[in-house]
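Residue numbers start from 1 in every chain, and the chains themselves are labelled A, B, ... in the order their sequence lines are given, proteins ahead of strands.
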Amino acid sequence: MRALLARAQELRRYPSAILGLAMICTLVILAVYAMATMPYREAVRLWQGGEGVWDENPRLAKPSWFNAFRKVKLPPTIVVDSAGRPETKQRIEFEEEGEADVLITLAFDYQYDVFPKELAVYLTANFEKVAPFASFIWRTPDGREFPMTSTSVRTRDSYRISQDRKLQAELGGRQPEIGLLAADPWAETPVPLKGRHELIVDGIVFEPGSDLDARLVVYGQVHGIAGTDHLRRDITVALLWGTPIALCFGLLAAVGSMSTTMVLAATGSWYGRWVDGLLQRLNELVMILPMLPILVMVGTLYSRSIWLMLGLIILLSIFGGALRIYRAMFLQTREAPYIEAARAYGAGNLRIIFLYLIPRIIPVLVPQFVSLIPTFVFLEATLSLLGLGDPTIPTWGKVLNDASQNGALFMGHYYWVLAPSLLLIFTGLGFAMLGFALDRVFNPRLREQ
Amino acid sequence: MTAASTTQGARRAESSFVRVARYTGVRLIAVLVTVVVGVYLTILIANMGGYVDEIRMGQIREAVGLMAGANPDLPFMSDEERIAYVEQLVAIEVERLGMDRPFLLRSFTYLANALTLNFGRAEQLISDSGSRLVRLIIIERLPSTLYLFATGQLLLFGSAILLALYLSQRYGSWLDRLVVALAPTSAAPGWFYGIFLILIFAGILRLLPFGGMVDTPPPADRLQYALSLLKHLILPISAILMGALWQTTYFWRTFFLIYSREDYVEMARAKGLPPHLVERRYILRPTLPAIVTSFALQLISMWMGAIVLETVFRWPGIGQLFFRAIGSYDTPVLLGIVVTYAYLLAVTVLVLEIVYAILDPRVRIEGRKAEA
């Protein structure tokens, strides 16, 4: 133990080790933060999306911090809601019993040089029998008015202005979010008109207690720290929760495979004869089993659960070059005098294997262990990239997979690829740098000057 | 004394061939047995204890349903007749695909077929030339995978060894330190850098293609075709190099450094031998078995890496075929590819053993003892 501490002291001489350790700490803090702020179930629910979860997020929006580096600022999402704001609503009772005109004016100040992504209105109505009726009018800062659709409103309803083909035709074929906000929709390259735009929802209710509320969402071009994907999901969720999953996966796989390999190698080399022979033949057998194709096959035909994959990866990585190397190490160690001494006082086989042989080579393997972790992190990312990630869990690899499936590179959505990639390489570099430095300290094959 | 040692030397030279041959023969048998067991395991996994059969039965019923629907007499049959007719068609189809026999029996048929590279007919996929034979489908894809990965691995290995040898003679120079500093970047695999390379050179600069093997449509002119091949090769090769070059170089540099401090190397230097001779005869020669071993192991991992890299670069090789086979649950193709992989790995291991036997003097002189 003291020797281990002394070597840890020696690590201080390597700046790469300090840096690597700092990077790993950052990741651990990020993982703890993710788990503390967002329970696992919540993360899974958010990532699975569904009705009402991500409705107000723009599709494929860039990260908000892009604006800090841009001369022409991109608009964030603007939401104007009439619920709880009586000043936006006017109610004029009609002569007939219970009928009234509900006039909602949703105004927002647009001061950007870029058009928003989309426009949509979400409506809520309460009524007993007869649904209210609403017509929509867009009023620009310079007083032009565009009448839009009229429709009866269900309890929860939405009007996607950007998908209104009739309106688009009236605007000379321009997308509504461009045509409505432009200073001149018929210009060659329209520019947004800055100032107070208004959406007027002219609703008629037919019952005494009946009421209508509207929420205008002007979808922006930027969203959150990491932007959004093609399903309006906030990528931050996957980036945050990907951290504990990646660390956990890498650590478990490394511990599982390495310790089993060690025990097998020690047992084989201690007992020798047929035990050793069997293990060696088995090793040769597994070495020619193509690991990735088998993982892919199981993922496609059976289950994509991350735990099954983890188990299979551990099982397949137990064997391989490492078992041979450890075996060679143990063969050397078993001839050591202290083992002979242990035998002389009557130590049992298991005692020798677990208390004398294995502890002996653990220090030698610490660097390898650290360097092994990112390999498994990347293996998980590889599987996800191939479309075999666990469908319920948000991971970095799955973000990459979504991005490549949707042609992110081709379409220029670089942020989508860069954020998970940077996190992956950050993890890889952190562990690898620490591993390399540990290797030099623990296994000084070379006396560095 | 002198005479005795020469005759002994002659006998040794004579028998060393026999020893290498015997060693190789033993290894060959061991590898073959391994291949048989490995392929059988693969078949078991591919069938997941009959899970695939369920899917295939579903497919058969669907296909039969369509077939029966096309029969003009169907509307005139009674319900019982109709059911009987469909069941009969299903039975014919089941028999045609050999699904009526128990899985255990079928698994041995699969094994025998797989070992003789007789993979049968694909159920869904068709080769570009229009064949349904799995063997043809795979053979069609093999050259492009070999073309990419043979080029990549040879380039990687050659440059890593040369650079490492160069660095080991210039220990502590800025280039040496740079390689040491860059080594941890190999924690990320090649496909990962591939994404960045596509982003920069195809996405932003628009200099190189996003993926594929040749332009579409392929140029008719031979020279143009070759140039187009080369152009598409640049990014995947760079990705392979970025993913492994620094760590491989670092590993060999350390390895050579240890060997170049041996007394006999110092001795050779003291004798005044030119540096390139010292490098070749006193450093490279004794480390050759280790170099070959590591090259073979690298080849093995290369076969695995092919799947992902081909997917990222849309390279029309075996890796991509594997995905299409999985997507359509085409078991014969799937199995064919995995068996091809197993064979490729086995051949790699075997070639390694033979080369090792020739290179390592311990094998030549002491026969089987070197195995331990």
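Neither the backbone nor the side chain of A:Leu434 comes within contact range of chain B; no heavy atoms are under 4.5 Å apart. Interface residue B:Val35: backbone and side-chain heavy atoms are both found under 4.5 Å from chain A.
B:Arg314 and A:Ser404 make their closest contact through NH2-O, 3.8 Å (heavy atoms, listed as atom of the first residue, atom of the second, distance).
By the salt bridge (Lys or Arg N to Asp or Glu O under 4.0 Å) test, A:Asp402 is found to be paired with A:Arg233, residues two or more places apart in sequence or in another chain being considered.
Looking at A:Arg440 and B:Val180, their side chains come closer than 4.5 Å, going by heavy atoms from C-beta outward.
Within 6.0 Å of atom CH2 in A:Trp270, more than 12 heavy atoms from other residues, nucleotides or ligands are found, so the atom counts as buried in its surroundings. Atom CZ of A:Arg324 has 12 or fewer neighbouring heavy atoms from other residues, nucleotides or ligands inside a 6.0 Å radius. Within a 6.0 Å radius of CZ in B:Arg177, other residues, nucleotides and ligands contribute 12 heavy atoms or fewer.
Ranking A:Ser16, A:Ala381, A:Gly20, A:Ala328 against chain B, the residue ahead of the rest is A:Ala381, based on heavy-atom pairs under 4.5 Å. By number of non-hydrogen pairs under 4.5 angstrom with chain A, the leading residue of B:Leu41, B:Thr34, B:Ile198, B:Ile337 is B:Thr34. No other option in A:Val377, A:Leu386, A:Leu385, A:Thr375 has as many heavy-atom pairs under 4.5 Å with chain B as A:Leu386. Contact count versus chain B (heavy atoms, under 4.5 Å) is highest, among A:Val417, A:Leu379, A:Val296, for A:Val296.
When the heavy atoms of residues 420-432 of chain A are compared with those of chain B, the residues falling under 4.5 Å are A:Ser421, A:Leu424, A:Ile425, A:Gly428, A:Leu429, A:Ala432, listed by number.
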Show me, pair by pair, the donor-acceptor contacts under 3.5 angstrom made by side chains of residues 199-209 of chain B, not counting sequence neighbours?
unit_1   : atom_1 : unit_2   : atom_2 : d
B:Arg206 : NE     : B:Gly203 : O      : 3.2

Side chains of residues 187-197 of chain B: which donor-acceptor pairs under 3.5 Å do they make with residues two or more places apart or in other chains?
unit_1   : atom_1 : unit_2   : atom_2 : d
B:Trp191 : NE1    : A:Thr382 : OG1    : 3.1
B:Tyr193 : OH     : B:Thr185 : O      : 2.5

